[in-house]
Amino acid sequence: MDFDSIDIKWNSRWNDLDLEKYQGNHNKKYYILEMFAYPSGDLHMGHLRNYVLGDVFFRYKKMRGFDVIHPVGWDAFGLPAEEAAIKRDVAPDSWTMDNISVSSSTLKRMGLLYDWEREVITCRPDYYKWTQWIFLKLYEHGLAYRKESYVNWCPSCNTVLANEQVEQGACWRCKSKVVKKKKEQWFIKITDYAERLLKGLEQLPEWPENVKTMQRNWIGRSEGLRVNFPVEDSSESIGIFTTRPDTLFGVTFIAIAPESDILEKLDIPDKYRNDVEDYIESSLMKTEIERTSTIGEKDGVFTGLYAVNPLNDNKVQIWAADYVLASYGTGAVMSVPAHDTRDHAFAKKYSIDIKPVIKPQDELWDFNKDAYTEEGILFNSGEFSGLNSQEAIEKISQFVEDSKLGIRDVNYRIRDWLVSRQRYWGAPIPMIHCEKCGIVPVSEDELPVLLPDSQEIDFIPKGESPLSTSSDFINTVCPKCGGKARRDADTMDTFVDSSWYQLRYVDANNSESIFSKEKADNELPVDMYIGGIEHANGHLIYFRFITKFLKDIGMHSEEEPALKLVNQGMIMDREGNIMSKSKGNAVPVGPFVEKHGSDLARGTMLFIGPGYKDALWSEDGIKGMHRFIERLEKATVEYAPHFRGNCGPSSDTEKSVYVKLNQTIKQTGGDIEAFEHNTAIASIMELLNLVNQKKEQMRQEFTASVLFTMTRIVSPFLPHIGEELHSLYAPDTESVFLTEWPVYDSKYLSEDTVTVVVQINGKVRAKLDVPPDITENEIYDRAISEDNVKKYTDKGTVVKKIYVKKKLLSLVVK
RNA sequence: GCGAGAGUGGCGGAACGGCAGACGCGCUGGAUUUAGGAUCCAGUAGGUAUUCCCUGUGGGGGUUCAAAUCCCCCCUCUCGCACCA
């Protein structure tokens, strides 16, 4: 079979037929989206899997009568293009556009059907204009703000990073150790949406449970109490957040994060001032890894100050300690060494009091050795002694609120989204800094703020944004007062670009607005979203957040961007490493397809295992798929001349083949929906094997009819070959994908006889071929007349009989 | 440490309370062939007294007539979070 010419023939036919175009039928609308790719060279097998899974689903849904939307685009801004540009001395834009061109032709060569008229490329001004517009809207609604704080800094990439881009204390891209650096940066107030992002997960029954769990943990909601501890001999007070108000009477010190601004406000006695300042400085020098690798080994420094526990007027020491996070809660904690392991370790190290207030279940608890962190009964807690922890949490919180000592509060682990980057290859932040007016947004009609040409700028990252070196770019006038002003020199995190692309797809060529509401309401939400699990806590949270925001400002009506999410498994190499360009183990798709043809590549990829499981890429599977295709072709070509239309069975042999056919139709459809393409293909193989085995005993026209149906159900997996073979039987049909998916006949899902297993005391002793409607008594009589059953029943008496219809008869003999 | 998931032939994997190993790769033997390749046929978990029987789904226990599948404990691996008070 000449794969090349079949590929070319059908690719061009599909193109002529506009198969990939949405017809506008809202009631049958089905929006399939694969996470768009970062164009870093040609596509590799990992990308291919993503696209193939989408394309199979597209073709299947099409055959099931859906009006399918299937767009494609490129997540084109970002670090790798710059790195490649620096390394190869090429421009980031041309490098990116070249890669897009190579990858696009691979997709087209594969015959993957996308509506290219909707293509988006995030690095083009017609797209990033609207990314900038979203930023302006966020600013307008108070959700974008600039703040100086200690941020994650990657010393190798020379840029700040969002919390989501720090993995185990290291940069997600280059794995360098991340340090804290004080910088004024743009943040997006995603924390305002924390509660809705959390609640919204409940409305996503078709998202994988693990992704939802990961998001819940990332958002990290906890309820507690905020209490003010007045500082002794001062008008200041220190606010703390606790989820354990029941331990309030056990507080023996307060610990403050070194980078917290609380410390700056305190009037630290001269005697201690130097030590505290030295400590703050040394903490900030540490990398995140150094700070977190010493879990258990806490250190800190006494400030010389005391605070007063408002519940019992106890005087407690105030410490600076870097086991406290500045960015969570208030930046200070009440420390209860008796009931918190971290506080315990700290108290032991610095000989601070350990004061138990919760009675452990184990009366002999040694508080000197360990903290008791479970709940229990309170003691040494004034009027609250004797209550259990749950009651005490409620009563103490109420008391604190009533006496105006503090309030109940909810804290989230998720942090505001730091979006400015000191890099060249991104969308410029559309803000202007005016000496007189301060921060002024660029007016909407001035968008896009164009990124300067890479030829005219030194884009090698040096710590400040490369855009600041371009005087043409940076110098501007204030939109408000007309005076001298400077543009913001930072670019946006690429995750902003990808947080809304599914919305642009509905109206990709709109130059008047971001997208039309009418189109969005007709085409949204995404019905099936396919992509890797690595985006669970990054992209998939931003994507949900921005969708909600755009809904809130009236741009569309959907609360959630995607109804169903499928995480396709990673493609690994033999050593078990994820296939990626940066690891150097990527197998490119282009040459592989040139050599083997698109369907063989596709079939091998699908047969490797279920789409949602990780899989090792190996070329060993090619041979089996190749043989299957050849056997399918051979049989189909041989019987084409005998085809007389659909034909029912007229003999026992034909009936058994017909039953297998109907079972296969049913299974294939179900497996596609479940992303278990390996078993779908296996069942078609079984059917073909059976036909080949029985074809001599069947009428030619019947065999032809079975093979005809087979060409239709194999088409989503092997579209070019499916079409070619289908056309031998239905030369007048324009495309198999314009025909309806075969309907299985439920009368023919099981055979005239079924094999029933006979078990005695749990072991299989016989197998009986019986009619499916046989009664329990009948089958029992037949079973006990079998020699191999008799052998065992004669040894005792049958005390129990269990008959599972069409499956098994289980006898207990004693 | 916390959270999620996984552990089945030589390999990818099926079965997800009811015949363990579907389908495919590989391997062994045979046919065809000058040979190689390709194709076709038979076999392919281990043991064994070979149409029988026994043992086998990371290890140990449990529930059940019946467990790879459900429950408990342990081991190993992968992923996510990682001092979140």
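So that the names make sense, note that chain A is the first sequence line, chain B the second, and so on, each numbered from 1. Computed over heavy atoms, backbone and side chain alike; hydrogens, waters and symmetry mates excluded. None of the values given here were measured: they were computed from a predicted structure.
- Ring pair Phe367(A)/His339(A) is perpendicular by interplanar angle, where above 60° counts as perpendicular and below 30° as parallel.
- Spacing between atom CZ of Arg49(A) and atom C1' of G12(B) amounts to 12 Å, rounded to whole angstrom units.
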Close N or O pairs between protein and nucleotides 52-58 of chain B (under 3.5 Å):
unit_1, atom_1, unit_2, atom_2, d
C52(B), O2', Lys791(A), NZ, 3.4
C53(B), OP1, Arg765(A), NH1, 3.3
C53(B), OP1, Asn788(A), ND2, 3.2
C53(B), OP1, Tyr792(A), OH, 3.4
C54(B), OP1, Arg765(A), NH2, 3.1
C54(B), OP2, Arg765(A), NH1, 3.3

What pairs of donor and acceptor atoms, side-chain ones from residues 245-258 of chain A against any protein atom, are under 3.5 angstrom apart with sequence neighbours left out?
unit_1, atom_1, unit_2, atom_2, d
Asp246(A), OD1, Arg244(A), NE, 3.0
Asp246(A), OD2, Arg244(A), NE, 3.3
Asp246(A), OD2, Arg244(A), NH2, 3.0
Asp246(A), OD2, Ser389(A), OG, 2.9
Thr247(A), OG1, Arg244(A), O, 2.9
Thr252(A), OG1, Asp353(A), O, 2.9

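- Taking only side-chain nitrogens and oxygens, Asn761(A) never comes nearer than 4.0 Å to OP1 or OP2 of A66(B).
- By the 4.0 Å N-to-carboxylate-O rule, Lys175(A) lies close enough to Glu167(A) to be salt-bridged with it.
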### Query
When you look at Glu209(A) and Lys212(A), which way does the salt bridge (charged side-chain N to carboxylate O under 4.0 Å, His left out) test go after all the steps?
CA-CA 5 Å; Glu209(A) 213 44 57; Lys212(A) 289 192 279 188; 3.6 Å; yes

### Query
Step by step, would you call Trp417(A) with Glu164(A) a side chain to side chain donor-acceptor pair (under 3.5 Å)?
CA-CA 8 Å; Trp417(A) 180 11; Glu164(A) 287 78 5; 5.4 Å; no

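- Using a 4.0 Å cut-off on heavy atoms, none of the residues of residues 250-262 of chain A approach RNA chain B.
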Report, one pair per line, the protein and nucleotides 2-6 of chain B atoms (nitrogen or oxygen only) whose separation is under 3.5 Å.
none

Interface polar pairs with nucleotides 24-30 of chain B, N/O, under 3.5 angstrom:
unit_1, atom_1, unit_2, atom_2, d
G24(B), OP1, Asn689(A), ND2, 3.2
C25(B), OP1, Arg627(A), NE, 2.8
C25(B), OP1, Arg627(A), NH2, 2.6
G26(B), OP1, Lys623(A), NZ, 3.1
G26(B), OP2, Arg627(A), NH2, 2.9

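- Comparing G62(B) with U51(B), their C1' atoms sit 37 Å apart, to the nearest whole Å.
- Syn is the conformation of G9(B), whose glycosidic angle sits no further than 90° from 0.
- The CG atom of Asp261(A) sits 10.0 Å away from the OG atom of Ser149(A) when rounded to the nearest 0.5 Å.
- The salt bridge (Lys or Arg N to Asp or Glu O under 4.0 Å) analysis of residues 660-687 of chain A, with sequence neighbours excluded, yields the pairs Lys61(A)-Glu673(A), Lys660(A)-Glu686(A).
- Within the model, atoms OH of Tyr372(A) and CD1 of Ile358(A) stand 8.0 Å from one another, a figure rounded to the nearest 0.5 Å.
- To the nearest 0.5 angstrom, Ile414(A) atom CD1 is 8.5 Å from Gln215(A) atom CD.
- Neither OP1 nor OP2 of C19(B) sits under 4.0 Å from any side-chain N or O of Lys767(A).
- Evaluation of atom-type donor-acceptor distances gives no pair under 3.5 Å for the side chain of Glu167(A) against the base of G80(B).
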### Query
Can you give the dot-bracket line for RNA chain B, where a pair is Watson-Crick or G-U wobble with both atom distances under 3.5 Å, crossing pairs use [ ], and | marks a partner on another strand?
(((((((..(((.....[....)))((((((.......))))))(((.....)))..(((((..]....))))))))))))....

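- As judged by a 4.0 angstrom heavy-atom cut-off over every strand, Ile608(A) is placed among residues touching the sugar-phosphate backbone only.
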### Query
Passes salt bridge (charged side-chain N to carboxylate O under 4.0 Å, His left out), Arg221(A) versus Glu195(A)? Steps please.
CA-CA 8 Å; Arg221(A) 181 183 200 276; Glu195(A) 194 62 39; 2.9 Å; yes

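- Atom CG of Leu707(A) is separated from atom CG of Leu632(A) by 7.5 Å, given to the nearest 0.5 angstrom.
- With both ends at atom P, the span from G21(B) to U34(B) equals 40 Å, rounded to whole Å.
- Checking the phosphate oxygens (OP1, OP2) of A85(B), a side-chain nitrogen or oxygen of Ser222(A) falls inside 4.0 Å.
- Closest contact between the side chain of Lys807(A) and the listed nucleotides G18(B), A85(B), A22(B) involves G18(B).
- The stretch residues 607-624 of chain A participates, sequence neighbours left out, in no salt bridge (Lys or Arg N to Asp or Glu O under 4.0 Å) pair at all.
- If you check residues 663-676 of chain A against RNA chain B, you find no residue with a heavy atom closer than 4.0 Å.
- Nearest-nucleotide assignment on RNA chain B puts the 5′-proximal partner with Leu616(A), out of Gly220(A) and Leu616(A).
- Judged by a 6.0 Å distance limit and a 45° cone about the ring axis, Lys801(A) is positioned over the six-membered ring of Tyr780(A).
- Here Ser327(A) lies out of heavy-atom contact (under 4.0 Å) with every strand.
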Side-chain donor-acceptor contacts of residues 758-768 of chain A below 3.5 Å, not counting sequence neighbours, with atom names and distances?
unit_1, atom_1, unit_2, atom_2, d
Asn761(A), OD1, Val813(A), N, 2.9
Asn761(A), ND2, Val813(A), O, 3.3
Arg765(A), NH1, Tyr792(A), OH, 3.2

### Message
With side-chain contact (heavy atoms from CB on, under 4.5 Å) as the criterion, how do Val52(A) and His677(A) come out once you've worked through the C-alpha distance, each side chain's angles and the decisive distance to 0.1 Å?
### Response
CA-CA 11 Å; Val52(A) 165; His677(A) 306 98; over 6 Å; no

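- Using bins of under 30°, 30° to 60° and over 60° for the plane-to-plane angle, the ring pair His535(A)/His539(A) lands in the perpendicular bin.
- The side chain of Trp218(A) approaches C81(B) more closely than any other nucleotide in the set C19(B), C83(B), C81(B).
- Rounded to whole Å, atom P of C81(B) lies 12 Å from atom CD of Gln165(A).
- By the side-chain hydrogen bond (donor to acceptor under 3.5 Å, both in side chains) test, Thr797(A) is found to be paired with no residue, residues two or more places apart in sequence or in another chain being considered.
- Where Tyr612(A) and Val804(A) each meet RNA chain B at their nearest nucleotide, the meeting point lying more 5' is that of Tyr612(A).
- Ring geometry for Tyr350(A) versus Trp319(A): interplanar angle of 30 to 60°, hence tilted.
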### Task
With side-chain contact (heavy atoms from CB on, under 4.5 Å) as the test, would you mind laying out the steps for Thr604(A) and Trp617(A) before giving the verdict?
CA-CA 10 Å; Thr604(A) 306; Trp617(A) 175 253; 4.2 Å; yes

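- Here Tyr323(A) does not reach the OP1 or OP2 of A85(B): none of its side-chain N or O atoms lies under 4.0 Å away.
- Listed nucleotides: C19(B), A82(B), A14(B). Nearest to the side chain of Pro610(A): A14(B).
- Residues meeting the side-chain hydrogen bond (donor to acceptor under 3.5 Å, both in side chains) test with Glu375(A), sequence neighbours left out: Gln390(A).
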